[in-house]
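Notes to accompany the following structure.
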Number of protein chains: 2
Amino acid sequence: MTMAASKPLRTRRKMQRVTIKDVAARAELSPSTVSLYFRKPDAVSASASEAIARAIEALDYVPNLMAGGLAAASSRVVSIIVPSVRNAFFAETVAALQEELSKQRLQVMLSHTEYREHDEENLVRTALAWAPAAVVLTGLSHSAATRRLLRDSKVPIVEIWELGSPTMDMAVGFHHDQVGHAAASHLLQRGRKRLLFLGARLHEDRRAARRAQGFVEAARNAPDVTAEVIQHPAPASAEVGAMLLGEAVHRFPNVDGIACSNDHIALGVIFECQRSGIAIPERLSVMGFGDLSFSAAANPSLTTIRPPGDLIGKEAARLIITRLAHSGAESEQAVIDTRFTLLHRQSS
Amino acid sequence: MTMAASKPLRTRRKMQRVTIKDVAARAELSPSTVSLYFRKPDAVSASASEAIARAIEALDYVPNLMAGGLAAASSRVVSIIVPSVRNAFFAETVAALQEELSKQRLQVMLSHTEYREHDEENLVRTALAWAPAAVVLTGLSHSAATRRLLRDSKVPIVEIWELGSPTMDMAVGFHHDQVGHAAASHLLQRGRKRLLFLGARLHEDRRAARRAQGFVEAARNAPDVTAEVIQHPAPASAEVGAMLLGEAVHRFPNVDGIACSNDHIALGVIFECQRSGIAIPERLSVMGFGDLSFSAAANPSLTTIRPPGDLIGKEAARLIITRLAHSGAESEQAVIDTRFTLLHRQSS
DNA sequence: GCTCAGTATAATAGCGCTATTATGTATCTG
DNA sequence: CAGATACATAATAGCGCTATTATACTGAGC
């Protein structure tokens with residue numbers, strides 16, 4: 001029943017135009033040496049290096065990173081999962097990450113959850129299928145299955161944009177409740193007593209919700225102060241901000257201090273106040289979160305809290321690069337608190 | 001000198017926890033069948049499918065996409081190269097692309113040129129090293145070497161956000177000179193005669209430069225009309241807009257119509273006019289480009305031209321998916337003009 | 001009853017590279 | 001100058017998967 005020695009079977013397969021073998025042949029060296037040239041350039045002689053470089057140039061050789069990754073059992077891909085790059089915060093962090101990582105010839109693979117936490121597991125599963133050098137996740141809230149997948153994979157993990165108790169591996173960010181706290185403190189310090197937090201999409205944006213929560217807690221600890229939250233289900237925008245202000249003055253006519261979950265909201269509030277003749281900051285103090293590109297130039301300029309999106313990306317990249325360099329060493333579970341900055345401007 | 005049959009040499013190599021073999025063993029089937037299950041589910045029997053599904057579940061199997069890509073000589077990666085995701089325009093397109101592509105289990109690999117066109121070649125080279133299913137580039141201006149690399153690779157190419165003469169393969173976008181034209185026409189129609197284009201980073205942002213050029217050309221064809229361009233080397237922001245307005249009224253005191261390369265600039269102009277008491281639109285018409293999230297809510301609301309960033313991403317994804325589906329068929333060289341929309345609001 | 005399709009599954013040979021080991025060859029020792 | 005020691009280069013065996021080919025196993029058809 002078993003078959004005898006099979007005849008000279010030959011199957012044809014699709015392929016790459018020029019491979020490491022071709023380079024080696026042209027340089028009159030072995031493929032091993034060419035491979036070594038890429039991985040440890042110092043280990044090959046000057047003459048060999050030169051011949052290889054010439055051959056690469058002449059043949060226009062592009063190495064196949066999939067083959068390399070397979071053989072090395074690791075790829076130079078970093079998988080980044082953010083809610084959305086449409087959000088300027090994450091866009092900035094992704095840009096910074098990509099900038100820093102590309103210096104080390106690490107590639108960024110990008111995925112979006114669109115604030116559907118439920119999708120994260122599938123994205124992580126796909127990410128792991130590329131044997132990534134590291135995985136970057138947004139926030140700290142992940143399903144049990146996601147955690148298990150990641151833990152089993154032994155891949156370095158960085159959680160960004162949020163700090164809190166259960167960290168999987170490494171984390172870079174800040175405490176969002178502290179942001180809410182700082183906003184409330186600032187308004188109280190400006191003598192405000194009737195506080196309001198205007199938020200967008202708080203049911204989906206966990207971090208914004210924590211800012212709101214921190215805000216209310218801090219305010220309620222002060223005597224004679226009230227603090228409420230009004231929110232809108234749509235994503236943050238100036239239009240939503242304008243609408244929320246309308247609702248705010250309607251429901252709380254004597255509001256005198258407003259913190260927004262986002263500078264877009266705050267900008268909408270400013271515009272709406274201009275239209276309805278509410279003096280900022282005389283009658284109403286307004287502050288935002290984000291320090292977006294328009295905030296300093298607004299009229300009045302917007303008091304806001306600046307989250308260090310760029311720094312988060314840079315630090316996350318640094319952690320990854322360090323970890324990859326000392327892959328043998330014991331994995332130091334790093335947590336970096338980047339803090340945030342309150343920028344006091346005219347609107348408060 | 002040649003060596004005889006080598007002794008039972010055995011080298012150890014790093015590996016994956018659970019492979020297709022393990023799944024096959026557990027399902028009591030061969031690896032080929034499991035592979036077939038992934039690639040052509042209809043070709044395996046119901047009982048086998050069920051056994052495989054159970055094994056995958058039990059073992060928590062994650063396929064190695066690098067191995068798969070290597071064997072199949074193609075990966076399910078789409079490489080996207082944009083100037084920067086910090087720019088809301090490209091962020092939106094990237095988000096739309098990723099959304100549509102992920103539905104087809106295509107992964108996005110992201111790179112930024114940061115407006116350094118010179119870097120593009122290296123990014124393309126690295127992109128090709130992953131044997132991508134497609135490559136998406138921004139704009140039409142690419143070095144000869146980049147073009148050659150891409151042409152030789154036979155990979156589907158989509159150029160986005162700009163339309164013009166030399167298209168490499170497929171293209172989705174619009175004509176930026178037409179945008180400038182439309183802006184000038186609008187201001188002329190509003191009775192403006194002393195026109196100004198305010199731009200940021202025109203030396204790097206080729207598309208903004210073309211808008212400026214189209215603007216000036218259209219204006220100069222009208223009788224008794226003057227049109228000038230003022231620009232700033234920094235990236236577009238409201239602060240730059242405010243500065244540019246200062247320079248504008250200084251150098252051209254009787255300017256009555258301003259088009260900006262970007263809504264951020266226009267927003268800065270609006271704020272600065274509020275501060276210096278220049279009535280919009282009575283004394284000065286202002287318009288932007290982008291229809292960013294704040295533009296409709298601004299005071300006055302901003303007349304602007306909306307580029308369909310989302311649509312560009314969707315259409316690019318559609319082209320890619322269609323091309324991959326009919327990979328055998330002759331490659332239809334598609335060019336999609338998405339157009340743009342002028343939104344007339346209070347500022348003009 | 002026996003050939004002939006048609007189907008489902010299995011065996012096999014790489015994809016292009018890396019990492020390990022082996023093999024020369026030049027450079028030191030005493 | 002034998003013997004040890006670097007150092008540069010080459011041979012080799014997979015990494016985990018896909019795609020091709022081969023082989024069982026069914027029923028049909030005559």
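Chain naming here is simple, since letters A, B, ... match the order of the sequence lines and numbering starts at 1 in each.
- Distance, B/Asn64 CG to D/dG14 P: 18 Å, rounded to whole Å.
- With sequence neighbours left out, the side chain to side chain contact (heavy atoms under 4.5 Å, CB included) criterion links A/Ala145 to A/Glu121, A/Ser143, A/Arg148.
- When the P atom of C/dC17 is taken as reference, atom CZ of A/Arg76 falls 17 Å away, rounded to whole Å.
- Each of D/dT18, D/dT9, C/dA19 was ranked by its minimum atom distance to the side chain of A/Arg39; first place goes to C/dA19.
- Residue pairs that meet the side chain to side chain donor-acceptor pair (under 3.5 Å) test with at least one member in residues 65-79 of chain B, sequence neighbours left out, do not exist here.
- Non-hydrogen atoms lying under 4.0 Å from DNA chain D are contributed by B/Thr19, B/Ile20, B/Ser32, B/Ser35, all within residues 19-35 of chain B.
- Within residues 46-61 of chain A, the residues having any heavy atom under 4.0 Å from DNA chain C are, by residue number, A/Tyr61.
- Regarding A/Tyr37, its OH atom lies at a distance of 16 Å from the P atom of D/dA8, rounded to whole Å.
- For B/Ala71, whose side chain is taken as the heavy atoms from C-beta onward, the closest listed nucleotide among C/dG16, D/dC17, D/dT9 is D/dC17.
- Listed by chain and residue number, A/Trp161 satisfy the ring pair (Phe, Tyr, Trp, His ring centres under 6.0 Å) test with A/Phe90 (two or more places apart in sequence, or in another chain).
- Summarising the geometry, the separation between NZ on A/Lys40 and P on C/dT18 is reported as 12 Å, rounded to the nearest angstrom.
- Following rounding to the nearest Å, B/Trp130 (CH2) and C/dC15 (P) show an atom-to-atom distance of 20 Å.
- Applying the side chain to side chain contact (heavy atoms under 4.5 Å, CB included) test to A/Ile20 and every residue at least two apart in sequence or in another chain returns A/Pro31, A/Val34, A/Ser35, A/Tyr61.
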